[in-house]
Amino acid sequence: MKIGVFDSGLGGLLITRSLTYTLPEYDYLYLGDTAHLPYGNRSQESIYQLTRRAVLYLCKEGCGLIIIACNTASAEALRRIQQYDIPAAFPDRRVLGVLVPAAEAAVTAAGQHGQIGILATASTVRSGAYLREIQKLAPAMIIRQQEAPLLVPLIENNEPEQIEPVLNRYLEPLIA
């Protein structure tokens, strides 16, 4: 089976690398949509259309499983693609996102009554997707979210010297 991994940029390469290390028996195809990066400030419909196009392309390339490694695309487009697009065009294929596993990992790390801080794109924060998933797992969890629109461009453009001051600014409201 071929596994497709999609991200709006290059961050999903870390997930792909982890998958190839953990599950070397599969073939992988990575698609990074750097032409439309970043997704985080786009409309929900735009995110959906870009993600849909990428997922359908990976299906046409023979991927039986597609992992949407982009938090924003997972929050804004995954459910619609899973419920409508894939069943209509490729009913034998599956699409997964990173949001639920990330929420599960955060709850495990924080404990049932801990606190979780979320830095994400504006679209991901506005979607409320992480809040919903974490609250399903740990209703008493204290969750703080912070939009971090500059992080993706800084990371994608390999500007590490600029990341620390921006990151500190974004973290301040979460730890106050």
Side-chain angles (χ1 to χ4, degrees), residues 1-20 22-23 26-106 116 118-137 143 145-158 170:
M1 176 172 65
K2 188 186 295 185
I3 297 174
V5 180
F6 167 69
D7 194 3
S8 61
L10 302 175
L13 287 171
L14 294 172
I15 291 172
T16 305
R17 185 172 79 182
S18 179
L19 286 168
T20 59
T22 306
L23 302 167
Y26 296 103
D27 293 325
Y28 295 89
L29 179 59
Y30 181 80
L31 176 60
D33 184 10
T34 57
H36 299 100
L37 177 75
Y39 278 24
N41 297 324
R42 295 181 174 275
S43 70
Q44 182 180 19
E45 184 61 23
S46 176
I47 294 164
Y48 164 70
Q49 291 297 337
L50 291 167
T51 305
R52 178 183 180 276
R53 183 171 64 193
V55 167
L56 293 176
Y57 170 80
L58 290 168
C59 285
K60 288 174 187 169
E61 291 298 311
C63 297
L65 173 66
I66 293 100
I67 298 170
I68 299 177
C70 173
N71 281 302
T72 300
S74 291
E76 296 284 17
L78 175 63
R79 184 169 304 232
R80 193 167 158 191
I81 289 168
Q82 287 174 323
Q83 291 177 343
Y84 302 105
D85 299 308
I86 293 301
F90 296 95
D92 60 329
R93 314 294 170 87
R94 297 294 170 257
V95 181
L96 303 174
V98 293
L99 203 136
V100 171
E104 291 170 348
I116 294 175
I118 300 167
L119 289 179
T121 65
S123 185
T124 302
V125 169
R126 283 193 305 265
S127 77
Y130 271 106
L131 291 175
R132 284 189 303 277
E133 293 304 325
I134 292 169
Q135 288 173 341
K136 285 180 196 174
L137 300 167
I143 308 162
Q145 295 188 104
Q146 175 66 39
E147 293 180 10
L150 296 177
L151 282 184
V152 171
L154 290 174
I155 293 166
E156 295 287 341
N157 290 312
N158 195 23
Y170 289 144

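Just so you know, these numbers use all the heavy atoms, side chains as well, and skip hydrogens, waters and symmetry mates.
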(request) Take Y28 and L23 through the side-chain contact (heavy atoms from CB on, under 4.5 Å) test and state the conclusion after the steps. (result) CA-CA 10 Å; Y28 295 89; L23 302 167; 3.3 Å; yes
(request) Calculate, to the nearest 0.5 Å, the distance between atoms CG and CD belonging to L137 and Q135 respectively. (result) 10.5 Å
(request) State, to 0.1 Å, how close Q145 and Y130 come at their nearest heavy-atom pair, and which atoms those are. (result) OE1-CB, 4.3 Å
(message) I need the L29 CG to I3 CD1 distance, nearest 0.5 Å.
(response) 11.0 Å
(request) Taking T20 for its side chain and T16 for its backbone only, find out whether a donor-acceptor pair lies under 3.5 Å. (result) yes
(message) Using 0.5 Å steps for rounding, measure from the CG atom of L99 to the CZ atom of R132.
(response) 8.5 Å
(message) Main chain of L56, side chain of R93: is a donor-acceptor contact present, judged purely on distance under 3.5 Å?
(response) no
(message) Once salt bridge (Lys or Arg N to Asp or Glu O under 4.0 Å) is applied, what residue pairs with a partner in residues 53-77 remain, sequence neighbours excluded?
(response) none
(message) What I want to find out is whether R52 reaches E45 closely enough, with some N-O distance under 4.0 Å, to be called a salt bridge.
(response) no
(message) As an exercise, state the distance from CG of L65 to CE of M1, rounded to the nearest 0.5 Å.
(response) 5.0 Å
(message) Using the side chain to side chain donor-acceptor pair (under 3.5 Å) criterion, which residues pair with T51? Sequence neighbours excluded.
(response) none
(request) Provide the closest heavy-atom pair for P101 versus V98 in the form atom of the first, atom of the second, distance. (result) CD-O, 3.4 Å
(request) Would you give the length of the straight line joining atom SG of C70 to atom CG of D33, rounded to the nearest 0.5 angstrom? (result) 9.5 Å
(message) What's the separation between atom CD in E133 and atom NZ in K136, rounded to the nearest 0.5 Å?
(response) 4.0 Å
(message) Looking at every heavy atom in both Y30 and G9, which two are closest together, and how far apart are they?
(response) OH-O, 2.7 Å
(request) For residues D7 and G12, report the shortest heavy-atom separation together with the two atoms involved. (result) OD2-N, 2.6 Å
(message) Test your reading of the model: is there a side-chain donor-acceptor pair from Y39 to the backbone of S123, 3.5 Å cut-off?
(response) no
(request) Report yes if the side chains of L151 and L119 come closer than 4.5 Å at any heavy-atom pair, otherwise no. (result) yes
(request) Tell me, with the steps shown, if Y48 and I81 meet side-chain contact (heavy atoms from CB on, under 4.5 Å). (result) CA-CA 8 Å; Y48 164 70; I81 289 168; 3.8 Å; yes
(request) Indicate the atoms forming the closest heavy-atom contact of L31 with Y57, along with that distance. (result) CD2-CD2, 3.9 Å
(message) Do I118 and I116 have side chains that approach each other closer than 4.5 Å (heavy atoms only, starting at C-beta)?
(response) yes
(request) Taking all non-hydrogen atoms of both residues into account, name the closest pair between I15 and A69 and its distance. (result) CD1-CB, 3.6 Å
(request) Examine the side chains of T121 and T124 and answer whether a donor and an acceptor come within less than 3.5 Å of each other. (result) yes
(message) Please evaluate residues T72 and V152 with respect to the criterion side-chain contact (heavy atoms from CB on, under 4.5 Å), reporting the C-alpha separation (whole Å), side-chain torsions for both, the decisive distance (0.1 Å), and the verdict.
(response) CA-CA 11 Å; T72 300; V152 171; over 6 Å; no
(message) Is any side-chain heavy atom of E147 closer than 4.5 Å to one of R126?
(response) yes
(message) Looking at R42 and L50, would you say the former's side chain and the latter's main chain have a donor-acceptor pair under 3.5 Å?
(response) no
(message) Can a donor-acceptor pair be found, under 3.5 Å and without considering hydrogens, that links the side chain of S8 to the backbone of P38?
(response) no
(request) Determine whether Y170 and L150 make a side-chain contact, defined as any pair of heavy atoms from C-beta on separated by less than 4.5 Å. (result) yes
